[in-house]
Number of protein chains: 2
Amino acid sequence: MTKLNERRKAILRAIIQSHIDLNIPIGSILITQRFSIGLSPATIRNTMAKLEELGYIIQPHTSAGRVPTEKGYRFYVDTLMEEETFSINSALSDELSGRLGIIRKDCNSLIKEAARTLSLFSRYLAIATPPRMEDIVLKRIKFIKYEKKKMLAILISEEGLVKNKIIELDHIHSQKQLDRAANYLNNRFSGLVIKKVKEKIAYQLYKEKTMFDQLIDSLLYLCKDIVPLENNDFSLDGLSGTSNLPDFATLKQIKAILRAIEDKNFMLKLLHRVSESRGTQVFVGMESILPAMKELSMVVSTFNNKKLASGAVGIIGPTRMNYKKMIPIVDHTAKALTQILSET
Amino acid sequence: MTKLNERRKAILRAIIQSHIDLNIPIGSILITQRFSIGLSPATIRNTMAKLEELGYIIQPHTSAGRVPTEKGYRFYVDTLMEEETFSINSALSDELSGRLGIIRKDCNSLIKEAARTLSLFSRYLAIATPPRMEDIVLKRIKFIKYEKKKMLAILISEEGLVKNKIIELDHIHSQKQLDRAANYLNNRFSGLVIKKVKEKIAYQLYKEKTMFDQLIDSLLYLCKDIVPLENNDFSLDGLSGTSNLPDFATLKQIKAILRAIEDKNFMLKLLHRVSESRGTQVFVGMESILPAMKELSMVVSTFNNKKLASGAVGIIGPTRMNYKKMIPIVDHTAKALTQILSET
DNA sequence: AATGTCACTCTACATCCAAGAGTGCTGATT
DNA sequence: AATCAGCACTCTTGGATGTAGAGTGACATT
């Protein structure tokens, strides 16, 4: 890690903040005007030359001002910003919590509302995933006969997630039989994390091959079909609001985002990776993740319920977004979600 | 309706087809080169002047070629194209049906797949709505106790639609009681269209105010809450594929589409309006519907099950899209959906 | 009525120029 | 040794200018 002395830090901070505000290359004179650093433009130029050499800023062309590089933003978010204390406006905080609190519906609606709120407040694209299926706690299973050889399997989780899926059976079962199978499953697996449920089922199938036929059958089916029951969805909001922002509206970027979003698997993997660690994370310049997402950044945080299942909420915006504002907003939203989910 | 003689029709057709192919203003010489009409450019110019006077084509500026107006496209779709017979390529037809047929899952997945397929084949934005909630046939209702004063209501329709919703109760009910209520509802309302169910419930509530308490309670809740259970979703596909198309990618248009889509209510209303009539419809130049959607057209068709519930599938593209190709594709997709839904 | 011709109009594109912004370097100052 | 003022230089931006090409409308001709 290259160490920067105080002056260089101050000037880098000034450049980045100015660039966030104005979205133009920042020259030495502009900095002396906007900040009272007590240095002449010439001195600042010297420092800027050094910062460029170190890779924190770059000149789009000779005789233009400097623009922060990804490395510059990274350093800003990690180091420069950390040194300041930024707290969320308390009125804003109340409003955020309020919007989520009113609803108090099931988990899915809550997550949708979170995305909507986040996009509203950030004016960027907001994303939110429910907890990963593997990590949720099974509350109740229910089978409902649907047609001769089809049933509807319903999974309810402690967190308030509801998933249903039509499963084809290869024998005809009566509703009674289905009920019995569901009861059996409920008794044995209720209160466990889905991942554990899967393991147990696999073990049981392996060990006691024949108990009573239909039951094992149902188990087998459930076991097989619980995997594609994986959460393959996330909420998304603010697409149109986003494109209002003039500097976020370059066609290239919108296309990049759309493409990434369309590939839901990709986004899900990314978000789940995030939710493995806690707290608010900032991805600066996402091209290391997806080349098309150059010049985009993501601020994302995790929420959780009883320290078990965790989902993610966040925003995607231009690399030169106002992290000082956005990080607290995302952070607070995630915390509010965690609180609401814990209350239930 | 202004009548056009054969020559004018032929030239208008030539202009529109050329414009669809090339996306540039069409001049008189170009037409003589592309078509063997047997007329000189000068004659064509005279006719073009007349067509412009009548409002079918327009000059972007003096000494540019002509571009079809909305009226021109409308006339093309309604009259000129009708005169030709266009049938879908049978290989394409098989592939369309095939992609949908393989799945044969529940209605929701089917609709998603339809949107995906349509966007794939058209390279435009595809939309699809499930049948309107009001029109589906109730197959089974199930209540599952969720928490002290909450239950999960599950609605299964004949069409294979499954909707669930967490409903708050103001008394504590046992699962037994919930089952009894559900049974009561199933016995009385199964096989009816939701619209009818609502009516009947309203009537019953009005007439026999007190039967046995909890039952009426549950009914009341269902009745109240079945309304927001309205289908508020539609599938959408091809956003990123769409933006591949260079001439469809103007930022303005993408923004317009995004905005319209984000306002789900608006799109739903539009699609439901469509599904009131049968067959494939073409909306040319949608600015009469939404000003921002200028220069966009929609080709949309309805599918249905047993002549009862009907949903809509379609594509949104630039006004100068290739209607000759697109209409059969949409048409066929809708028909394939209808067939698959009827088989079940 | 259909066609050939020609002057006219307008766009698109390249070129040029001037203004402005910003830099790096040098030499003087503290 | 650090700071700073001054200056020559570079590069972008925007407006102005000119030209080639496409297309038209009008008019005379067949």
Side-chain angles (χ1 to χ4, degrees), chain A residues 3-12 14-19 21-69 72 246-247 250 320, chain B residues 3-12 14-19 21-69 72 246-247 250 320:
Chain A
K3 265 258 169 187
L4 294 184
N5 62 30
E6 282 313 311
R7 169 180 299 171
R8 287 174 186 169
K9 278 190 194 172
I11 288 177
L12 180 56
I15 292 171
I16 292 181
Q17 281 177 1
S18 301
H19 186 251
D21 289 348
L22 307 171
N23 196 24
I24 48 168
I26 306 302
S28 53
I29 298 175
L30 187 65
I31 287 188
T32 59
Q33 287 168 346
R34 286 174 58 96
F35 301 85
S36 359
I37 294 188
L39 295 173
S40 79
T43 312
I44 291 178
R45 278 202 290 280
N46 284 329
T47 314
M48 282 164 98
K50 195 66 193 172
L51 283 171
E52 180 161 20
E53 191 187 306
L54 294 173
Y56 292 102
I57 53 180
I58 203 170
Q59 267 184 310
H61 57 84
T62 329
S63 97
R66 303 311 212 283
V67 169
T69 59
D247 62 314
T250 53
R320 55 161 287 287
Chain B
K3 266 254 168 190
L4 294 184
N5 62 32
E6 282 313 311
R7 169 179 299 170
R8 286 173 188 170
K9 278 188 193 172
I11 289 177
L12 181 55
I15 293 171
I16 291 180
Q17 282 177 1
S18 302
H19 187 251
D21 289 348
L22 308 171
N23 195 23
I24 48 167
I26 307 301
S28 53
I29 298 174
L30 186 67
I31 287 187
T32 60
Q33 288 168 344
R34 287 174 58 96
F35 301 86
S36 359
I37 295 189
L39 294 173
S40 79
T43 312
I44 291 176
R45 278 203 290 282
N46 283 329
T47 313
M48 282 165 96
K50 195 66 193 171
L51 282 171
E52 179 161 21
E53 191 187 305
L54 293 172
Y56 293 100
I57 52 180
I58 204 169
Q59 269 184 307
H61 57 83
T62 327
S63 96
R66 304 308 213 283
V67 168
T69 59
D247 62 317
T250 53
R320 56 162 285 287

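Naming: A, B, ... by sequence-line order, numbering from 1 per chain. Only heavy atoms go into these numbers, but all of them, side chains included; no hydrogens, no water, no symmetry mates.
Heavy-atom contacts of chain A under 4.0 Å fall on DNA chain C between two terminal nucleotides, which in 5' to 3' order are C:dA21 to C:dG24.
Sorted by residue number, the members of residues 26-39 of chain A with any non-hydrogen atom under 4.0 Å from DNA chain C read A:Gly27, A:Ser28.
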Exercise for the section: May I have the step-by-step check of side chain to side chain donor-acceptor pair (under 3.5 Å) for B:Arg8 and B:Thr47, ending in yes or no? Expected result: CA-CA 6 Å; B:Arg8 286 173 188 170; B:Thr47 313; over 6 Å; no
Completion exercise
Under a 4.0 Å heavy-atom criterion, the protein footprint on nucleotides 6-16 of chain D, written with B, S and -, is B---BBS----
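Residue A:Ile57 forms a side-chain contact (heavy atoms from CB on, under 4.5 Å) with just one option from A:Ile16, A:Val67, A:Ile15, and that option is A:Ile15.
Judged as a side chain to side chain contact (heavy atoms under 4.5 Å, CB included), and not counting sequence neighbours, the contacts of B:Pro41 are B:Ser28, B:Ile29, B:Thr32, B:Arg45. Residues that satisfy the side chain to side chain contact (heavy atoms under 4.5 Å, CB included) test with B:Ala64, not counting sequence neighbours, are B:Pro60, B:His61. With sequence neighbours excluded, no residue forms a salt bridge (charged side-chain N to carboxylate O under 4.0 Å, His left out) with A:Arg7.
Rounded to whole Å, atom P of D:dA2 lies 17 Å from atom CD of A:Glu6. Here the C1' atom of nucleotide D:dT3 and the CD1 atom of A:Ile11 are 12 Å apart, to the nearest Å.
The shortest distance between the side-chain N/O atoms of B:Arg66 and the OP1/OP2 oxygens of D:dG23 is not below 4.0 Å.
Within 6.0 Å of atom CD1 in B:Ile58, 12 or fewer heavy atoms from other residues, nucleotides or ligands are found, so the atom counts as exposed in its surroundings.
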